[in-house]
Amino acid sequence: MEESWKKRRTKLGTFLDSHKISQRWVQSETKLSKNTLTRLCTYDEDKDYKTGPYEAIKQTIYRAIKKKRPDTKISDLFDI
């Protein structure tokens, strides 16, 4: 059972957690802001996630994560 104080995570956030990749590392590799990464990793029921981030941001995050996990597919990170 999920603890009520924990934030729900998106597919990207869950991937980072399960592979022990910190948001701070992704931030330093991609030069994205802390707020952007937090928003992309934390599920918010009030937001519409059908569109997801811009394709350029997806590709930037994907290339950074491939440095640590070369076997990663973009579908592991985002709903396509």
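Since the model is a prediction, treat every value here as computed from it, not as a measurement. Residue numbers run from 1 in the order of the sequence given.
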Tell me, please, which residues at least two apart from Phe78 pass ring-ring contact (aromatic ring centres under 6.0 Å, His included). none

In Å, rounded to the nearest 0.5 Å, how long is the span from CD of Gln27 to OG1 of Thr30? 7.0 Å

For Lys31, what residues pass the side-chain contact (heavy atoms from CB on, under 4.5 Å) criterion, not counting sequence neighbours? none

side-chain hydrogen bond (donor to acceptor under 3.5 Å, both in side chains) partners of Thr36, counting only residues at least two apart: Ser33

Interatomic spacing from CG in Leu12 to CG in Asp79 - rounded to 0.5 Å: 11.0 Å

Can you list, pair by pair, the side-chain donor-acceptor contacts under 3.5 Å of residues 16-26, counting residues two or more places apart and other chains?
unit_1, atom_1, unit_2, atom_2, d
Asp17, OD1, Arg9, NH2, 3.1
Asp17, OD2, Arg9, NE, 3.0
Ser18, OG, Thr14, O, 3.2
Ser18, OG, Phe15, O, 3.1
His19, ND1, Phe15, O, 3.0
Ser22, OG, Trp25, N, 2.9
Gln23, OE1, Arg9, NH1, 3.2
Gln23, OE1, Arg9, NH2, 3.3

Side-chain donor-acceptor pairs under 3.5 Å in residues 63-72, sequence neighbours left out?
unit_1, atom_1, unit_2, atom_2, d
Lys66, NZ, Pro70, O, 2.8
Lys67, NZ, Glu29, OE1, 2.8
Thr72, OG1, Arg69, O, 2.7

How long is the span from the OG1 atom in Thr60 to the OH atom in Tyr54, to the nearest 0.5 Å? 13.5 Å

